[in-house]
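Note that the numbering runs from 1 along the sequence shown for the chain.
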Amino acid sequence: YDWGGGITTPTKSVSAPGSYSVTVSDPVNGCTASASTTVTQNIVVPNVSIASPAVLTCAVTSVTLTASSLTAGVTYDWGGGVVTPTNSVSAPGSYSVTVTDPVNGCTASASTTVTQNIVIPNVSIASPSILTCSLLNVTLSASSLTAGVTYDWGGGITTPTTSVSAPGSYSVTVTDPVNGCTASASTTVTQNTVIPNVSIAPPAVLTCAVTSVTLTASSLTAGVTYDWGGGVVTPTTSVSAPGSYSVTVSDPVNGCTASVSTTVTQNIVVPNVSIAPPADLTCTVTSVVLTASSTTIGVTYDWGGGITT
């Protein structure tokens, strides 16, 4: 046999397509004959593509990568033992798949990148006012620099603001609809409803001699205002009639008030007095003693002219 190129065996290994011929010689008579054959080649690379994947977010924690090929019958290999056309992944990064055409053993690869958006939205709550006796509710206002977020204070309140009337801790959660990520902020509502201190000094008693007394109120709470009624807004008021009197103090810091009352009494009981019937003056009785008496204990006497017995 003679294939040419020094190959004289019945077989020959070739790696390129083309026409190949062999010549045989009969050593008995020196006659020769030739035969030829054509080696063909199929190295068509299979087609493969990966559909654009979704973005991983706080709400979408895994995405399915889907590969496809126009070449019939290909097999898929994502690596890690995944040999299906689809592959579920939960981490961002680059992913590739290799397809093999079983007809010719040719392979092709495609890759795609999975991205991730887990940016936490921004949220803050403005410092609230203090609840007091005059400020019975305050509005909590949340805001975010992240566009389009939704708010949730709980209890069905989904607006950026909520009105509260009790002290305590309040929180709001915002959600970014783009990626489903959430963030929370909290604030504390405080309350100042301390009642101011007030007292009235015990008043003097109204008598026939003391026709008016001054009522004096005081407070250990700094800056309070006073109101006795009737337009009297000073710490003291002068009264000339017995009865109950009250004053109200207000703390301008928290609007809280307190009242206290006192009773003004009066003693105008007229003392008892009598003069014993005197003897008659006569020619022999030229003077008589007038004797006064009273059942009121401790009275003083005044006959005039300096006589006080």
Distance from [X] atom [atom1] to [Y] atom [atom2], nearest 0.5 Å?
X      : Y      : atom1 : atom2 : value
Leu140 : Thr187 : CG    : OG1   : 6.5 Å
Thr64  : Asn87  : OG1   : CG    : 8.5 Å
Ile268 : Leu206 : CD1   : CG    : 9.0 Å
Ser90  : Gln116 : OG    : CD    : 9.0 Å
Ile50  : Thr113 : CD1   : OG1   : 9.5 Å
Ser68  : Leu70  : OG    : CG    : 7.0 Å

Any heavy-atom pair between the side chains of [Y] and [X] that's under 4.5 Å?
X      : Y      : answer
Val97  : Val48  : yes
Asp152 : Thr150 : no
Val288 : Pro278 : yes
Val63  : Val89  : yes
Leu215 : Val239 : yes
Thr132 : Thr193 : no
Val114 : Pro53  : yes

### Task
Hey, could you give me each pair passing side chain to side chain donor-acceptor pair (under 3.5 Å) that has a residue in residues 243-258? Not counting sequence neighbours.
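Sorted result for residues 243-258: Asn192-Asn254, Thr248-Ser259.
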
### Query
Are Ser165 and Asn137 close enough that a side-chain donor and a side-chain acceptor fall under 3.5 Å?
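Asn137 and Ser165 do not have a side-chain donor-acceptor pair below 3.5 Å.
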
### Query
So, Thr161 and Thr139: side-chain donor and acceptor under 3.5 Å apart, yes or no?
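Result is no, nothing qualifies.
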
[X] (side chain) donor-acceptor with [Y] (main chain) under 3.5 angstrom:
X      : Y      : answer
Ser212 : Ser238 : no
Asn197 : Ser199 : no
Thr175 : Pro177 : no
Thr221 : Val224 : no

### Message
Run the side-chain contact (heavy atoms from CB on, under 4.5 Å) test against Ile307 and tell me which residues pass, sequence neighbours left out.
### Response
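By the side-chain contact (heavy atoms from CB on, under 4.5 Å) rule, Ile307 matches Trp303, Thr309.
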
### Task
Only counting residues at least two apart or in another chain, list the ones meeting side-chain contact (heavy atoms from CB on, under 4.5 Å) with Val198.
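Val198 satisfies side-chain contact (heavy atoms from CB on, under 4.5 Å) with Val247, Val249, Ala258, Val260 once adjacent residues are dropped.
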
### Task
Take Ser184 and Thr173 through the side-chain hydrogen bond (donor to acceptor under 3.5 Å, both in side chains) test and state the conclusion after the steps.
CA-CA 4 Å; Ser184 295; Thr173 298; 2.8 Å; yes

Which atom names give the shortest non-hydrogen contact between [X] and [Y], and what distance separates them?
X      : Y      : result
Leu135 : Ser129 : CD2-CB, 3.8 Å
Val232 : Thr236 : CG1-O, 3.8 Å
Thr262 : Pro203 : OG1-CD, 3.4 Å

Tell me whether [Y] is reachable from [X] by hopping between hydrophobic residues (I, L, V, M, F, W, Y) whose side-chain heavy atoms are closer than 4.5 Å.
X      : Y      : value
Val138 : Ile157 : yes
Val178 : Val60  : no
Ile200 : Tyr226 : yes

